[in-house]
Amino acid sequence: MSGPVLKLVAQRIAMGLLLLLAVSVLIFAGTQILPGDVAQSILGQSATPEALENLRRDMGLNDPAYIRYLHWLGGILTGDLGTALSSGQDIASSLKGRLWNTLFLAFWAAVVSIPLAIALGLLAVRYRNGWVDKIISGLGLASTSLPEFFTGYLLIYFVAVRLQWFPSVSTVYDGMPLGERLSAIALPVTVLTLVVLAHMMRMTRAAILNVMQSAYIETAELKGLTPFQIIARHAFPNAIAPIVNVVMLNLAFLVVGVVVVEVIFVYPGMGQYLVDHVAKRDVPVVQACGLVFAAVYITLNIIADIVAIVSNPRLRHPK
């Protein structure tokens, strides 16, 4: 890679790290202003003032906020996410399996949605303004207009309860055969696919149509190439950068936006873990989950920026 490309890549990585640091401050500050008393929620309403004061002192709750933040940040930098207040378990150990389950769910949703979205986008461009394009756009708009919980409950009722094709509860466990695991996540994968499919398809269509206005497309038409050859060989490769950006943003959503889907299908991922501990006001778990979600989202956005930079021929071959 040339000098300008390396410089821009380094800038994106540095900005990502600074943004993650800023997000950690916001997460810590947001959890500190939550109503209620952590010590009270742990010991219960019958706890004596002396017991509450001792627990607050042991947990460091009497220290200034910036001291507690620096202590929390130092633990994160060394791989220590803290201990869950409600169970006393190590958060990093608990998150490991949960994060793997969430990534597994997001991976298969991406495997289904990304090729399908690109194929539908290419098909919509090939038959643009025709009935095929209108049907694809209409169905995509309808799917993205429905909230995840509504789509999820519809699938549970019709596909799981009435037809009994797939289970309504997505129970997975260690050592579970791949076929059974895929059957268990079929419905949540379907919901996530419907959520991100329309956006990726519409942006793919828009990016390719923008490239189709270029002069070299007219040259390809004069050479006698078929419309699909022009789209696949000339328009699509030159529209990769914006398409990758859209794909990465939706991948980030697949990981970060699974909370509702995991709760609906009782899937043992990070979203379910987060919701369970929000109800218990388990602040260290909420902070750790929020930071992990933010790190995944920022990392995928940095990758999208780097791919867009590297795919820019004017930066790869500066004059």
Side-chain angles (χ1 to χ4, degrees), residues 94-123 136 139-140 143-144 146-161 163-204 243-275 289 292-301 303-304 307:
S94 301
L95 279 182
K96 188 181 299 182
R98 297 276 186 163
L99 179 59
W100 161 249
N101 288 339
T102 295
L103 293 177
F104 182 81
L105 180 62
F107 170 78
W108 284 105
V111 167
V112 175
S113 61
I114 293 174
L116 186 58
I118 293 176
L120 290 176
L122 292 172
L123 195 62
I136 292 175
L139 292 177
S143 68
T144 196
L146 297 175
E148 298 100 307
F149 69 87
F150 183 75
T151 305
Y153 287 129
L154 282 180
L155 289 176
I156 290 174
Y157 178 72
F158 288 105
V159 180
V161 177
L163 299 176
Q164 297 185 358
W165 288 350
F166 298 103
S168 60
V169 176
S170 301
T171 303
V172 296
Y173 53 86
D174 293 339
M176 188 177 187
L178 180 60
E180 294 182 14
R181 187 181 284 262
L182 291 178
S183 176
I185 67 170
L187 294 186
V189 164
T190 302
V191 174
L192 290 173
T193 298
L194 292 175
V195 169
V196 301
L197 180 65
H199 185 225
M200 287 193 291
M201 183 274 294
R202 290 170 66 87
M203 294 305 295
T204 299
I243 292 175
V244 168
N245 273 317
V246 173
V247 167
M248 286 298 177
L249 287 173
N250 282 277
L251 283 178
F253 174 80
L254 287 176
V255 177
V256 178
V258 297
V259 176
V260 174
V261 175
E262 288 185 358
V263 171
I264 291 173
F265 293 98
V266 200
Y267 183 74
M270 280 194 59
Q272 181 71 49
Y273 184 67
L274 173 62
V275 171
C289 289
V292 170
F293 278 137
V296 171
Y297 193 87
I298 292 172
T299 299
L300 289 174
N301 277 274
I303 293 174
V307 171

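Just so it is clear, the values below take in all heavy atoms, side chains as well, and ignore hydrogens, waters and symmetry mates.
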Tell me, please, which residues at least two apart from Y273 pass ring-ring contact (aromatic ring centres under 6.0 Å, His included). H277

How long is the span from the CG atom in L163 to the CG atom in L155, to the nearest 0.5 Å? 10.5 Å

Look at the side chain of S113 and the backbone N and O of V196, then say whether any donor-acceptor pair between them is shorter than 3.5 Å. no

For residues A110 and P115, report the shortest heavy-atom separation together with the two atoms involved. O-CD, 3.7 Å

Not counting sequence neighbours, which residues clear side chain to side chain contact (heavy atoms under 4.5 Å, CB included) with S183? List them please. F166, P167

Is there a side-chain contact (heavy atoms from CB on, under 4.5 Å) between Q272 and T102 once you walk through the steps? CA-CA 10 Å; Q272 181 71 49; T102 295; over 6 Å; no

Side-chain contact, heavy-atom cut-off 4.5 Å: W108 with L182? yes

Where C289 and L274 come nearest, the two heavy atoms and their spacing: CB-CD1, 3.7 Å

When rounded to the nearest 0.5 angstrom, what is the spacing between OG1 in T190 and CG in L197? 11.5 Å

Once you round to the nearest 0.5 Å, how far does OG1 of T193 lie from CE of M200? 8.0 Å

Which is it for F265 and I185 under the side-chain contact (heavy atoms from CB on, under 4.5 Å) test, yes or no, and what are the steps along the way? CA-CA 9 Å; F265 293 98; I185 67 170; over 6 Å; no

Angle between ring planes, F104 versus W100, binned at 30° and 60°: parallel, tilted or perpendicular? tilted

Step by step, work out the side-chain contact (heavy atoms from CB on, under 4.5 Å) result for L154 and Y157. CA-CA 5 Å; L154 282 180; Y157 178 72; 5.9 Å; no

CZ (R202) with more than 12 external heavy atoms under 6.0 Å: no

About how many Å separate CE of M201 and CG of L123, when rounded to the nearest 0.5 Å? 10.0 Å

Can you confirm whether L105 sits close enough to V172 that some side-chain heavy atom of one is under 4.5 Å from a side-chain heavy atom of the other? no

